[in-house]
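Working notes for the structure below.
Numbered from 1 within each chain, the chains take letters A, B, ... in sequence-line order.
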Amino acid sequence: MQYNPSEIEKKWQQFWSEHRSFEPSEDVTQKKKYILSMFPFPSGRLHMGHVRNYSIGDAFARYYRQQGYNVLHPIGWDSFGMPAENAAIKHGAHPKQWTYDNIAYMCHELATLGLSFSKEREFATSDELYTKFEQGFIIDMFDQGLLYRKKGLLNWCPHDQTVLANEQVVEGCCWRCDTPIIKKEMYQYYFKITQYADALLDDLKQLKSGWPKQVLTMQENWIGKSEGLAFTLLFDAQSQELLNHNSKGFEVFTTRPDTIYGVTYTALAPEHDIVTYMIENGLLDDATIAAITAMKNSSSVERQKSKSGVPLNLHVTHPLTQETIPVWVANFVLMDYGSGAVMAVPAHDQRDYDFATQYDLHVKPVIKPRHNASVEAGAYTESGELYNSERFDGYDSIEAQSAIMAYFEAEQLGKRVTNYKLKDWGISRQRYWGAPIPFVHCDTCGLVMEKKENLPIALPDDVDITGEGNPLENHPTWKLCRCPQCGGDATRECDTMDTFVESSWYFLRYCASACNWEREPFSKEQLAYWMGVDHYIGGIEHAILHLLYARFFTKVFRDLGYLDFDEPFEKLLTQGMVLKDGAKMSKSKGNTVDPDALVSQYGADTARLFILFAAPPTQELEWNDNAVEGAYRFLKRLYDRSSHVYATTTLPKIEHATLSKEQKFARKKVYEALVRAEEVYTQRYTFNTMIAGVMEAMNALNEQENSDVWTEGYWILLAILEPIVPHICWELSEQLFERCNFKPNTVIDEVFEVDTITLGLSVNGKRRSEMEVGVNETQAAIVNKAKTALEKWIEGKVIVKEIVVPNKLVNIVVKGS
RNA sequence: GCGGACGUGGUGGAAUUGGUAGACACGCCAGACUUAGGAUCUGGUGCCGCAAGGCGUGGAGGUUCAAGUCCUCUCGUCCGCACCA
């Protein structure tokens, strides 16, 4: 019989579907595993990255099913988002139509891969039911003060007339029309993720054993906790007068309080309140205002290219020296970090130095470079001994930091504070294809939340998607509504939510079974049973945003009482990219390989085998058509050589001692593969080495003819391979073993017992020869035999040392000529 | 600039704790079977060398009987963040 993948694969896919083979059990007393690959965006077609992602996840899911676990392995669709609207703009398709057509098509593609997904929990995040539950959470979060609306500085595309997410800004320009973006102040809904900054940082410790170090570090840096001193710089009398006594001063933050005596100027962000006040009240000349306006309107990229600033004709008093210090506006001061104002120490900060040099500002050194430090031109940013620092002269930088902070606190001049780079998460999008934010603007009551019984606030189907403006805002009637509070005329919020909101809780939704599917998003019991996700598999590109947001939602839901754990994903596996000709596969480069074509040519099993064999899952995978062919040949051999195997429903009993050398070796290889498989599935995830082990075992089986050994070998190898190449394994196992072999197989120790061992022989650590010795030979006998074998290399030399590493090697150390 | 990952044959990659470097596969070479093969099977294949032997895990040192693995320095590639005060 010939290996015919298309026939076999169709047969088993149908079988699995008819038998609901992969639906999890409702019995919560069973041991469970929750295996999750990140759900796809329905872009239209599957790409190789998807195939890799789902092949890895499927391997885990199938392995744990074999091991007797109740496995949840769901799939769904992250189906809101810009690409649907872009397709509408480009091709005139309705976003909804486009999305659900794509889902239908990709569903079919996924089915041909033979992935063991639970189908009964599948959903798309654009489903109204999902929107309804999500809007409910939004209301809860608003009640808890975790959602608020405020004016914020946003990325604005002047051409497309919309706000863009940071990730939609490519090198300072709009990703769609390439127009340079500007910062614009607008109303915006924010999640108060900063309230959880410390928890998000601290709980990374819980993830140390299960998450890649790289991801933990990226999250840590993103949160960006830094501790330092915050204090107020007070204006001198003249400046206060100038400001009509509207401001006494402003706060600054520093992580280097030891350099405080070196402050020679201070700088405000162009967006700072004081600056705004001065502009609005005519306190600045036109040239200055023009310069500040230019700073505000320049893109962030531009702003980084060169430093610029203007003096404000204001002065503050140094809190310790009482010196008078000029106040500048500088483009490098960011409004959204710290207090939007800095104390500048040009002598010990490169950025401050550059600015001071450019504008000829005073530089005052206060830290002596260490003797061994190389003193170059510019700022000395290392630690050292303080001078020019009054009572703190002679202190070491490190001591000085705590001493100065203590002094500020004692004198009530300032306080220790912690700052984060993490900002509150702005979720408003002026977009159609997203979940509406469930709020209402009422002239009488102000901003009012919808009532839960009115949910979902669904999208209207009849919209014009032009790419300009907000389609919901432009819709003639959709936004008109009654105020949930006073019943008067009101308008709906027309912003929709960032799609990262949907992906922040989809893994919880999968825990809900049919029994309460419509009624509630999930139950606490179901979450308690299925969560956390045991293996979460996805691309490294989600290392920060998605994974941080999902962690945030989990903590919020915990505090809202929906669940009882801190972290959603126990083990995270970040897969590498799929490359071709050294570059990421992409349509624009024309180096894609179409999964459909691959499956129809070789079958899903070949695609899956190649993808898992070509590289460890965390590494980049270089596509190789020849190697795909090789994977196919292996499966063909696996199918052909089953002719050596007889049908049975029990593992053959084999008298190991009676076997020939080749037969013993084949058994050993088979059981080695079994041992390695367990390690790989549970600890190492290097499926490539496991597959190599199976290939070695196959090669060894082929060197002998004992049908018991063949049969035992297939019994075990098919079980190991089933999670990787399920169709061929189910087919062969059905024919030969009635699938009795798909369960935990026991390792038999006797196959690893050997009569002789081959030892490596080396002289001075250099390998020279090898020899075979009996397992029971004494060390002395081994050394003697080794010396004889190594005669040629040790003749006439003095033996200094003899080292025997049991079962490995003998090393003779010699001296002299 | 800061942080992280990684450098092993012609190629993808093996080598749990320091212990026979190159498993497994691709490619290539040779042979067999074939009307034919881009099918299948068998054998070979790190580099230099006729051989003996020598050299080999980015480079330079070091520790050790023994280093791909540990330490120091250095070069290169990739990724993330970035005027963060």
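Residues Phe752(A) and Lys668(A) are in side-chain contact: their nearest non-hydrogen atoms beyond the backbone lie under 4.5 Å apart. For the pair Tyr359(A) and Tyr265(A), the minimum side-chain heavy-atom distance is 4.5 Å or more. Under the 4.5 Å side-chain criterion, counting only non-hydrogen atoms from C-beta, Leu612(A) is not in contact with Met690(A). Side-chain contact check for Thr254(A) versus Phe231(A): some heavy-atom pair is nearer than 4.5 Å. Looking only at side-chain heavy atoms (C-beta outward), Leu204(A) and Arg551(A) come within less than 4.5 Å of each other.
No side-chain donor-acceptor contact under 3.5 Å links Ser383(A) to the backbone of Ser397(A). A side-chain donor-acceptor contact under 3.5 Å links Asn764(A) to the backbone of Val814(A). Of the possible polar contacts, none joining the Lys296(A) side chain to the Glu271(A) backbone as a donor-acceptor pair under 3.5 Å is found. Proximity of a side-chain donor or acceptor of His318(A) to a complementary backbone N or O of Val263(A) within less than 3.5 Å is not detected.
With both ends at atom C1', the span from G58(B) to U69(B) equals 16 Å, rounded to whole Å. Annotation: G4(B) and A21(B) have their P atoms spaced 33 Å apart (nearest Å). Between U34(B) and U40(B), the two C1' atoms lie 10 Å apart (nearest whole Å). A gap of 49 Å separates the P atoms of C33(B) and U17(B), to the nearest Å. On the C1' atoms, U42(B) is 39 Å away from G18(B), given to the nearest whole Å. Look at the P atom in both G9(B) and G59(B): the space between them is 10 Å, to the nearest Å. Annotation: A39(B) and U45(B) have their C1' atoms spaced 23 Å apart (nearest Å). Atom name C1', nucleotides C73(B) and U20(B): the rounded distance is 31 Å, in whole Å.
As rounded to whole Å, 18 Å separates atom C1' of U40(B) from atom OH of Tyr639(A). The CZ-P distance, from Arg351(A) to A82(B), rounds to 15 Å in whole Å. Gln304(A) has its CD atom 12 Å from the C1' atom of G1(B), to the nearest Å. When the C1' atom of G53(B) is taken as reference, atom CZ of Arg768(A) falls 9 Å away, rounded to whole Å. Going from atom CG of Leu334(A) over to atom P of C81(B) covers 16 Å, rounded to whole Å. Counting to the nearest Å, the C1' atom of G12(B) and the CZ atom of Phe687(A) are 18 Å from each other.
Side-chain N/O atoms of Gln358(A) and Asp354(A) include no donor and acceptor closer than 3.5 Å. Between the side chains of Ser226(A) and Asn419(A), no donor-acceptor pair of N or O atoms lies under 3.5 Å.
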Identify all pairs in which a protein N or O lies below 3.5 Å from an N or O of nucleotides 29-32 of chain B, and state each distance.
none

When you compare the protein's N or O atoms with those of nucleotides 23-25 of chain B, which come within less than 3.5 Å of each other, and at what distance?
unit_1 : atom_1 : unit_2    : atom_2 : d
A23(B) : O2'    : Glu696(A) : OE1    : 3.4
A23(B) : O2'    : Glu696(A) : OE2    : 2.9
A25(B) : OP1    : Asn699(A) : ND2    : 3.3

Got a list of protein N/O to nucleotides 9-11 of chain B N/O distances below 3.5 Å?
none

Distances for protein N/O vs nucleotides 17-21 of chain B N/O pairs under 3.5 angstrom?
unit_1 : atom_1 : unit_2    : atom_2 : d
U20(B) : O2     : Arg767(A) : NE     : 2.7
U20(B) : O2     : Arg767(A) : NH2    : 2.5
U20(B) : O4     : Thr758(A) : O      : 3.2

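For the side chain to side chain donor-acceptor pair (under 3.5 Å) test, no residue two or more places apart in sequence or in another chain qualifies with Lys584(A). Not counting sequence neighbours, Asn688(A) has no partner by the side chain to side chain donor-acceptor pair (under 3.5 Å) test. Here Tyr549(A) pairs with Trp425(A), Phe500(A) under the ring-ring contact (aromatic ring centres under 6.0 Å, His included) rule; sequence neighbours left out. In this structure Asn297(A) satisfies the side chain to side chain contact (heavy atoms under 4.5 Å, CB included) test together with Thr293(A), sequence neighbours excluded. The salt bridge (Lys or Arg N to Asp or Glu O under 4.0 Å) search around Glu696(A) returns Lys669(A), not counting sequence neighbours.
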Trace of the side chain to side chain contact (heavy atoms under 4.5 Å, CB included) decision for Leu809(A) with Arg767(A): CA-CA 9 Å; Leu809(A) 57 78; Arg767(A) 184 175 185 277; over 6 Å; no
Side chain to side chain contact (heavy atoms under 4.5 Å, CB included) between Ile757(A) and Glu777(A), intermediate numbers included: CA-CA 10 Å; Ile757(A) 301 162; Glu777(A) 280 193 66; over 6 Å; no
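Of the residues in residues 250-260 of chain A, those placing a heavy atom less than 4.0 Å from an atom of RNA chain B are Phe253(A), Thr254(A), Thr255(A), in numerical order.
Looking at heavy-atom distances under 4.0 Å, Glu220(A) makes no contact with the nucleic acid at all. Contact annotation for Val813(A): backbone-only contact, meaning every heavy-atom pair under 4.0 Å involves sugar-phosphate atoms and none involves a base. Note on Pro212(A): nothing from the nucleic acid sits closer than 4.0 angstrom, heavy atoms only. Note on Glu802(A): nothing from the nucleic acid sits closer than 4.0 angstrom, heavy atoms only. Ser306(A) comes within 4.0 angstrom of a nucleotide base, judged by non-hydrogen atoms across all strands.
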Annotated protein contacts, base or backbone, on nucleotides 2-8 of chain B with a non-hydrogen cut-off under 4.0 Å, one of B, S, - each: -SSS---
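In textbook terms, a nucleotide whose glycosidic angle is within 90° of 0 is syn, while G53(B), being further out, is anti.
Pairs of Watson-Crick or G-U wobble type, with distances under 3.5 Å, assemble into runs of 3 or more in RNA chain B at these ranges: B:1-7 with B:75-81, B:10-12 with B:24-26, B:27-32 with B:40-45, B:46-48 with B:53-55, B:58-62 with B:70-74.
Here the rule is side chain to side chain contact (heavy atoms under 4.5 Å, CB included) with Thr618(A), and of Ile540(A), Ile56(A), Leu573(A), Thr686(A) only Leu573(A) fits it.
Here Lys423(A) pairs with Asp336(A) in a salt bridge; the nearest charged N to carboxylate O distance falls below 4.0 Å.
In this structure, Phe665(A) places its CZ atom where only 12 or fewer heavy-atom neighbours from other residues, nucleotides or ligands lie under 6.0 Å away. Within a 6.0 Å radius of NZ in Lys307(A), more than 12 heavy atoms belonging to other residues, nucleotides or ligands are found.
Candidate nucleotides G27(B), A15(B), G54(B) were compared by shortest atom distance to the side chain of Arg684(A), and A15(B) ranks first.
Contact annotation: Asn764(A) does not reach the phosphate of U64(B) (side-chain N/O to OP1 or OP2, under 4.0 Å). One finds a side-chain N or O of Lys801(A) lying less than 4.0 angstrom from the OP1 or OP2 phosphate oxygen of C65(B).
Two rings, from Phe634(A) and Phe613(A), have their centers 6.0 Å or more apart.
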